[in-house]
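Structure record follows, encoded as structure tokens.
Atom set for the values below is all heavy atoms of this structure, side chains included, hydrogens, waters and symmetry mates excluded. The chains referred to below are lettered A, B, ... by the order of the sequence lines, with proteins before strands, and numbering in each begins at 1.
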Amino acid sequence: MKIVSWNVNSLRVRLPQVLDWLAANQPDMLAIQEIKMVDEDFPVEAIQGAGYQMLVSGQKTYNGVCILSKLAGTDVHKDLPGLDDPQRRVLAATYGDVRLVNLYVPNGESLESEKYGYKLNWLSKLDTYLQHELKKHPRLVVVGDFNIAPDDRDVHDPVAWKDQVLCSEPERQAFQSLLAHGLKDTFRLFDQPERIFSWWDYRAMAFRRNIGLRIDHILASASMAAVCRASYVDKAPRKLERPSDHAPVVAEFDV
DNA sequence: ATGGTGGCGCGGCCA
């Protein structure tokens, strides 16, 4: 089973790249963030034509998530319990006996911003939600744009980013709390090259200079981590014309 | 270098 997370920064713009990537890579599930469209505008025919089913939690202009999959998803969740939030950032479903949670964690903007408080509160509600999901679903995979670089290895310049948003201690502690509940960062289950990132700013030729952060993650419960055979970033789509600022992250499981 | 680029949608927000 191949599970992928990709922040596409507008599915309308990136649809041709998504279709090409699906055809070439044939994931079982592709969790997408920042589709930036309402459900009514979703390209149903194009996705079905590629051989995929879909679940969508769309929003105009901002946010919006979906899951493309070969099998139908059931038991769909679109909200975090205890958080009354119009922002569409969560989509969870069950595929066979695997539970998949797709997240677009708030960015936070800066430590001084109101949005930072919203992010930390959101992560607190997520923490509680995932504890319950872990109890209900032994085979749980949590993916998405976490907007958190878990440690300094995930940052091109840890000194410059110290205590900045995406790298601050409260954010990193929220990420570590998820791991403490039993989730594994699948990327760190394997030896990895240095300076592997999943997001590069559009500005200042950051991608060409590999000035990035690893903020997109695939976490797995113990039983799924035990059968994880690979976890990596596919930089190829980031090299295309008019790319997303994020690359897909991929995990493969012997399931 | 307090800028820079990109998406949405047509001014300003968000990342």
[X] side chain N/O closer than 4.0 Å to the phosphate oxygens (OP1, OP2) of [N]?
{"X": "A:R203", "N": "B:dT2", "answer": "no"}
{"X": "A:S10", "N": "B:dG6", "answer": "no"}
{"X": "A:R242", "N": "B:dG7", "answer": "yes"}

Point to revise | Donor-acceptor under 3.5 Å (A:N147 side chain, A:V105 main chain) | key: yes
Spacing of [X] atom [atom1] relative to [N] atom [atom2], expressed in whole Å:
{"X": "A:H246", "N": "B:dG6", "atom1": "NE2", "atom2": "C1'", "answer": "12 Å"}
{"X": "A:Y116", "N": "B:dA15", "atom1": "OH", "atom2": "C1'", "answer": "17 Å"}
{"X": "A:R209", "N": "B:dA1", "atom1": "CZ", "atom2": "P", "answer": "14 Å"}
{"X": "A:R14", "N": "B:dC8", "atom1": "CZ", "atom2": "C1'", "answer": "12 Å"}
{"X": "A:W200", "N": "B:dG4", "atom1": "CH2", "atom2": "P", "answer": "24 Å"}
{"X": "A:N7", "N": "B:dG7", "atom1": "CG", "atom2": "P", "answer": "12 Å"}
{"X": "A:E34", "N": "B:dC8", "atom1": "CD", "atom2": "P", "answer": "10 Å"}
{"X": "A:I35", "N": "B:dG6", "atom1": "CD1", "atom2": "P", "answer": "22 Å"}

Review point. Touch check for A:R238, heavy atoms < 4.0 angstrom, all strands: base, sugar-phosphate only, or nothing?
Key: nothing
Review point. A:F207 near the nucleic acid: base, sugar-phosphate alone, or nothing, with a heavy-atom cut-off under 4.0 Å?
Key: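 A:F207: no heavy atom of the nucleic acid under 4.0 Å.
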Check your understanding: Quantified in whole Å, what is the C1' atom distance between nucleotide B:dG4 and nucleotide B:dA15?
Key ->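 The answer is 13 Å between these two C1' atoms.
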Exercise for review: Pick the P atom in B:dG9 and in B:dT5, then give their distance to the nearest Å.
Suggested key: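 Here B:dG9 and B:dT5 have their P atoms 22 Å from each other.
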Check your understanding: Hey, which of these two, A:Y202 or A:N147, hits DNA chain B nearer its 5' end, going by closest nucleotide?
Key ->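 Result of the comparison: A:Y202.
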**Study point:** Contact nearer the 5' end of DNA chain B, comparing A:K36 with A:G108
**Key:**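 On the 5' side of the pair lies A:K36.
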Exercise for review: Using the test salt bridge (charged side-chain N to carboxylate O under 4.0 Å, His left out), find all partners of A:K115 that sit at least two apart in sequence or belong to another chain.
Suggested key: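 Once residues adjacent in sequence are excluded, the partners of A:K115 under the salt bridge (charged side-chain N to carboxylate O under 4.0 Å, His left out) criterion are A:E109.
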Review point. More than 12 foreign heavy atoms under 6.0 Å from NZ of A:K36: is that the case here?
Key: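 Counting other residues, nucleotides and ligands, NZ of A:K36 exceeds 12 neighbours.
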Taking N or O atoms only and anything under 3.5 Å, show me the protein contacts with nucleotides 10-13 of chain B, one pair per line.
{"from": "B:dC13", "atom 1": "O2", "to": "A:Y62", "atom 2": "OH", "distance (Å)": "3.3"}

Review point. With sequence neighbours left out, what residues match A:D84 under side chain to side chain donor-acceptor pair (under 3.5 Å)?
Key: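 Per chain and number, A:D84 pairs via side chain to side chain donor-acceptor pair (under 3.5 Å) with no residue.
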Exercise for review: For A:H217 and A:L178, run side chain to side chain contact (heavy atoms under 4.5 Å, CB included): C-alpha distance rounded to whole Å, both residues' side-chain angles, the deciding distance at 0.1 Å, then the answer.
Suggested key: CA-CA 12 Å; A:H217 307 297; A:L178 302 181; over 6 Å; no
Check your understanding: Do A:R89 and A:Y104 meet the cation-pi criteria used here (NZ or CZ under 6.0 Å from the six-membered ring centre, within 45° of the axis)?
Key -> yes
Exercise for review: On the 0 to 90° scale, with breaks at 30° and 60°, tag the A:W199-A:H246 ring pair as parallel, tilted or perpendicular.
Suggested key: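 The arrangement is tilted - the two ring planes meet at 30° to 60°.
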